[in-house]
Number of protein chains: 2
Amino acid sequence: MSFPSQYAAPVEKSAPQRDGERTRQRAIQVAAAHISANGFHKMSIAAVAVEAGVSQSGLLHHFPSKAALLSAVLDEQERSDSEFLFGDGEPPLGWDAFDALVALAAHNSTRPQWVQLFVRISAEATAPTHPGHPWIRRHYDSVRSWLVDAVEHGKANGSIQRGAPTRLIVESTAALLDGIQQQWVLAPETVSMVDNVRFHVETLKKSWG
Amino acid sequence: MSFPSQYAAPVEKSAPQRDGERTRQRAIQVAAAHISANGFHKMSIAAVAVEAGVSQSGLLHHFPSKAALLSAVLDEQERSDSEFLFGDGEPPLGWDAFDALVALAAHNSTRPQWVQLFVRISAEATAPTHPGHPWIRRHYDSVRSWLVDAVEHGKANGSIQRGAPTRLIVESTAALLDGIQQQWVLAPETVSMVDNVRFHVETLKKSWG
DNA sequence: GTCTATACCTCGATAGAC
DNA sequence: GTCTATCGAGGTATAGAC
């Protein structure tokens with residue numbers, strides 16, 4: 001699940017468009033599609049260049065290396081999800097945070113490519129030498145921070161029991177999100193992301209709410 | 001999580017060792033290590049051959065293609081996990097099945113390479129063109145069948161409430177297992193697989209037991 | 001900012017001797 | 001069953017003209 005925030009490193013709004021900005025944006029979209037399909041390792045910048053309508057060198061003018069292209073794709077992903085979850089406001093806290101995850105699951109059900117991209121990268125990038133490794137670490141730290149804050153906040157205002165195990169609630173929720181996405185990518189017709197996330201969240205509420 | 005059974009296609013015991021059986025086994029181990037580290041796409045049969053102490057052609061004598069080598073690795077993985085979970089007996093049913101998953105998590109905590117291998121493959125192989133795709137589909141079907149049977153059995157003998165949502169219990173459990181493995185691969189010191197799996201299972205028992 | 005041309009590498013697989 | 005030699009394809013990145 002991809003849902004960072006101000007808890008992560010800030011993402012600057014992309015600069016105003018010059019001439020090649022169109023090409024740049026197209027390349028990012030094409031690259032995202034390729035990574036979604038087969039992962040970063042199998043994506044070739046030659047193929048991306050063709051589909052984006054530029055030569056390979058033209059592409060490498062905008063992104064000096066394959067890794068740089070990946071970074072651009074990941075930043076785009078981060079920006080998009082953060083926008084959906086938080087808009088321009090504050091991140092939801094308490095159980096509202098968990099309800100927001102249910103909403104995100106519903107949103108993601110409408111864009112399989114996004115989910116696939118995240119599934120691919122989050123597995124590949126656990127390797128320390130992977131160019132996306134720093135990104136994925138930041139991502140998990142960000143999610144964890146947000147959810148820990150959410151639970152602490154709920155405990156403070158009484159909506160969550162004081163004795164609730166914060167760490168386990170946070171970790172198991174993140175795990176469920178990632179795992180259900182993987183199953184969904186494999187069999188979108190047989191698995192419902194929303195039902196499973198809601199089931200998990202409702203179970204937590206019943207136990208600790 | 002890798003834990004198939006007689007629910008999956010049967011795995012024949014490997015044939016008695018000829019001359020090259022040693023080489024074959026060594027190659028499987030080396031290949032497993034490479035896939036664990038960087039995934040199937042980045043594994044090169046040349047590198048595997050060197051580490052296994054044979055030439056590339058020597059390796060390709062035992063495994064006619066890279067995909068065949070992958071199959072051998074996956075069968076080995078399947079055999080190992082199935083043995084741990086079920087031994088030579090019947091698969092556990094009812095809540096016992098879920099307790100067995102907690103035990104498996106504990107076992108897996110002692111062999112990071114196994115877990116990494118599964119994390120890598122289960123993400124890569126969701127792509128329909130991946131050589132491991134048929135395997136991963138069988139794997140999930142197998143797990144699902146087993147756990148569905150386990151819940152139905154529990155309902156029949158009264159240990160699980162009749163109204164419990166079988167599908168959601170099964171899917172969310174599988175999702176949690178996969179997701180927590182991914183987090184653990186990324187940060188083994190900060191995340192406990194056992195604690196999270198146990199937490200999930202205990203929560204299920206409290207809600208539907 | 002975009003192109004052509006190319007250097008240089010790694011890879012999977014095959015041919016054929018021993 | 002293992003080797004050497006090699007083919008052909010595809011990959012990233014650079015050089016330099018326009």
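Each chain gets a letter, A, B and so on, in the order its sequence line appears, and its residues count up from 1.
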B:H153 atom NE2, over 12 foreign heavy atoms within 6.0 Å:
no
Identify which nucleotide among D:dA5, D:dT2, D:dA13 has an atom closest to any side-chain atom of A:I45, counting heavy atoms from C-beta outward.
D:dA13
Atom CG of B:N38 to atom P of C:dT10: distance rounded to whole Å?
16 Å
DNA chain D: B:S55 or A:H41, which has the more 5' nearest nucleotide?
B:S55
Reckon A:T23 has a side-chain N or O less than 4.0 Å from the OP1 or OP2 of C:dT2?
yes
Out of A:H133, A:H34, A:H130, which one pairs with A:F40 under the ring pair (Phe, Tyr, Trp, His ring centres under 6.0 Å) rule?
A:H130
What residues from residues 60-73 of chain B pass a heavy-atom cutoff of under 4.0 Å to DNA chain D?
B:H61, B:H62
Rounding to a whole Å, what distance do you find between A:Q25:CD and C:dG1:P?
14 Å
How are the rings of A:F118 and A:W135 set to each other: parallel, tilted or perpendicular (split at 30° and 60°)?
perpendicular
Check this for me, if you would: do B:E202 and B:R198 make a salt bridge, where the nitrogen-to-carboxylate-oxygen distance has to be below 4.0 angstrom?
no
State, without any angle test, whether B:T126 and A:R120 hold a side-chain donor-acceptor pair at a distance under 3.5 Å.
yes
Students often get this wrong, so: under 4.0 angstrom with heavy atoms, is A:S44 touching a base, only sugar-phosphate, or nothing?
sugar-phosphate
Taking CG from A:L59 and P from C:dT4, how many angstroms apart are they, rounded to a whole number?
14 Å
Test of ring centre spacing under 6.0 Å for A:W114 and A:F84:
no
Find the distance A:E21:CD to C:dT2:C1' and express it as a whole number of Å.
16 Å
